[in-house]
*Asks:* 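Below is one structure. I have some questions about it.
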Number of protein chains: 2
Amino acid sequence: MSIDGRPPAPLMSNPRADRVRDVAKLAGRPARLKTGRFVAEGPQAVREALLSHRVDVESGGAGVVLEVFATQTCLDRLPELADLAGDVSLRLATDEVIGAMATTISPQGIVAVCRIQDYDLDEVLASGARLIAVLCEVRDPGNAGTILRAADSAGADAVVLTASSVDIHNPKAVRSTAGSLFHLPVVTGVEFDFLMSAFRAHGLTVLAADGYGSVDLDRLQDESALRCLAPQQAGPDDGASAASADPAQPRLENSTAWLFGNEAQGLSEGQLADADYRVAVPVYGRAESLNVGTAATVCLYASARAQNR
Amino acid sequence: MSIDGRPPAPLMSNPRADRVRDVAKLAGRPARLKTGRFVAEGPQAVREALLSHRVDVESGGAGVVLEVFATQTCLDRLPELADLAGDVSLRLATDEVIGAMATTISPQGIVAVCRIQDYDLDEVLASGARLIAVLCEVRDPGNAGTILRAADSAGADAVVLTASSVDIHNPKAVRSTAGSLFHLPVVTGVEFDFLMSAFRAHGLTVLAADGYGSVDLDRLQDESALRCLAPQQAGPDDGASAASADPAQPRLENSTAWLFGNEAQGLSEGQLADADYRVAVPVYGRAESLNVGTAATVCLYASARAQNR
């Protein structure tokens, strides 16, 4: 048995082997902190990890994937994954071994051990970031994943998780990002005050997504549309128009960092006070408030639309 | 022990009692179909069910809640739930009984048995519906819940699930709607062809959310904004403007039914062909495609914004 002409390596068949246990341990935070590694499970996540790895290596980086373990059945079904692996170590293993490495009931025959990328916030900002999503104490892995995917779709330059947010490298969070974790820089463990200083230093407007905010997101969108599409309508003297330019309102087309808060408490008073503006997504129906993932999707897409018009 | 001055009823303490088993059985589809009932678990869902019940009863309806079971601890912590229950049967039960009735590991001491509301699509449409979300073979309870919550926030008039979509009354789906299930009419089990005829008969524009669609949602939003905010810019003769009015494009401010497809396959060719337009939510980043919940959020909010401007 050989993969892509490489010399065959013995099939890993002992789910209790040290090497298997070391991978399984990465489901826990202590092992991830100690080793700087995490696990991506299943074909979709592994594919995105390998694609990202290739881009990174081609631009001189170390790459994100350290090793891949897969069943023959999985590789027979998805041969492109073996091609994508390229020079990355790819070991064949039994279903039992993959099952012991993974946390999902059905890992679909493939896992990758990945390097936790160490992105520097200042570097990300210095490279001209225009749209950043900040998760402030967002605790639910599913919500974190939804926001990260929305940020990826909206073309955000980075996602930042404050120190007390969910660990985005835990298996459930990795899974919920559906590969987007490998698409854009994710900066973790940042203290809020440091973050605000960095945003200010790089000229980003900081918008807090806040159901009680006095600034209405729809108005910002209308003003931004008018400025671009009908500039003569958006002049500061046109007081008659409901959507006339207001210097006291943020401009969505400017470089922006959005703050999204905890599921139960939202953003703290201190965080709200530190933001430049508190922006509310309007609720048109009977919903009491918006789920943080839904709110983030609407906010990030509003910025993306204004910045890409 | 008495609740709100009612005569005390004996504490339910036997998790194997027939009455408890009957409630537990509602976690399965056959029992729900047979009885026309389902279970809402936890304080948030029960609160929204009771609020909806009150509104319905006050307007002459039968109400959605049939009975509530709760622990004394839960009622001590959230006394407003007992107040809200009003004339609805409220029985005290032990943690074991509530645990046996519920599917969640931690049902937080309260469940409500609810009536599956039988909404008629024609009635909903005849009452002047302007925004409808249709789930076409959406299978994941979490995605269905996200779309239902987004529809609720966007002020949609109804949500429709086609016959082969997830059962929105299964416990996981009910939970994922976070109470929105009780906020707007949800029409289930409808055949696609019947749906299209009904939409046509009531003059709704049918938009298919489709990553490969030729109509760009952002352009529709810009055109709609211009028509309302700067009508002289949006005239059909203004060919110079990128966002000039195009009669071949749908108008977001018109009454609209949005179609959202299956997680893996999207909408079928037949469904796409039946829609009036295929509309794509732009992807600005590296994400391959949008999660159906994210796409639905962006589409429904785009319509809400245009219709409420």
*Asks:* Mind running salt bridge (charged side-chain N to carboxylate O under 4.0 Å, His left out) on A:E80 and A:R47 for me, showing each step along the way?
*Replies:* CA-CA 9 Å; A:E80 74 274 19; A:R47 180 184 298 114; 3.4 Å; yes
*Asks:* Quick one: which residues of residues 51-59 of chain B reach chain A at under 4.5 angstrom, heavy atoms only?
*Replies:* B:S52
*Asks:* Are B:R175 and B:E41 close enough for a salt bridge, meaning some N to O gap below 4.0 Å?
*Replies:*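 The answer is yes: the pair qualifies as a salt bridge.
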*Asks:* Specify the closest pair of heavy atoms between A:A144 and A:I168, including all atoms of both residues, with the distance to one decimal.
*Replies:* CB-CD1, 4.0 Å
*Asks:* Which one wins on heavy-atom pair count under 4.5 Å against chain B: A:G142, A:G155, A:A178?
*Replies:* A:G155
*Asks:* Enter the distance from B:Q221:CD to B:L252:CG here, rounded to the nearest 0.5 Å.
*Replies:*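 These two atoms lie 6.5 Å from each other.
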*Asks:* Looking at A:A225, A:A154, A:S180, which has the largest count of heavy-atom pairs under 4.5 Å with chain B?
*Replies:*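 Ranked by contacts with chain B, first place is A:A154.
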*Asks:* Could you grab the distance from atom CG of B:N254 to atom OG of B:S303, nearest 0.5 Å is fine?
*Replies:*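 It is 10.0 Å, given to the nearest 0.5 Å.
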*Asks:* Does the side chain of A:S224 come within less than 4.5 Å of A:R227's, by heavy atoms?
*Replies:* yes
*Asks:* Highest number of heavy-atom pairs under 4.5 Å with chain A: which of B:R309, B:Q307, B:H183?
*Replies:* B:H183
*Asks:* Tell me, out of B:A296, B:A150, B:P282, who's got the most heavy-atom pairs with chain A below 4.5 Å.
*Replies:*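 The candidate making the most pairs under 4.5 Å is B:P282.
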*Asks:* Please list, chain by chain and in numerical order, all residues satisfying salt bridge (charged side-chain N to carboxylate O under 4.0 Å, His left out) with B:R305, sequence neighbours excluded.
*Replies:* A:D218
*Asks:* Work out which heavy atom in A:A129 is nearest to a heavy atom in A:S255; give both atom names and the distance.
*Replies:*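 Minimum heavy-atom separation between A:A129 and A:S255: O-OG, 3.9 Å.
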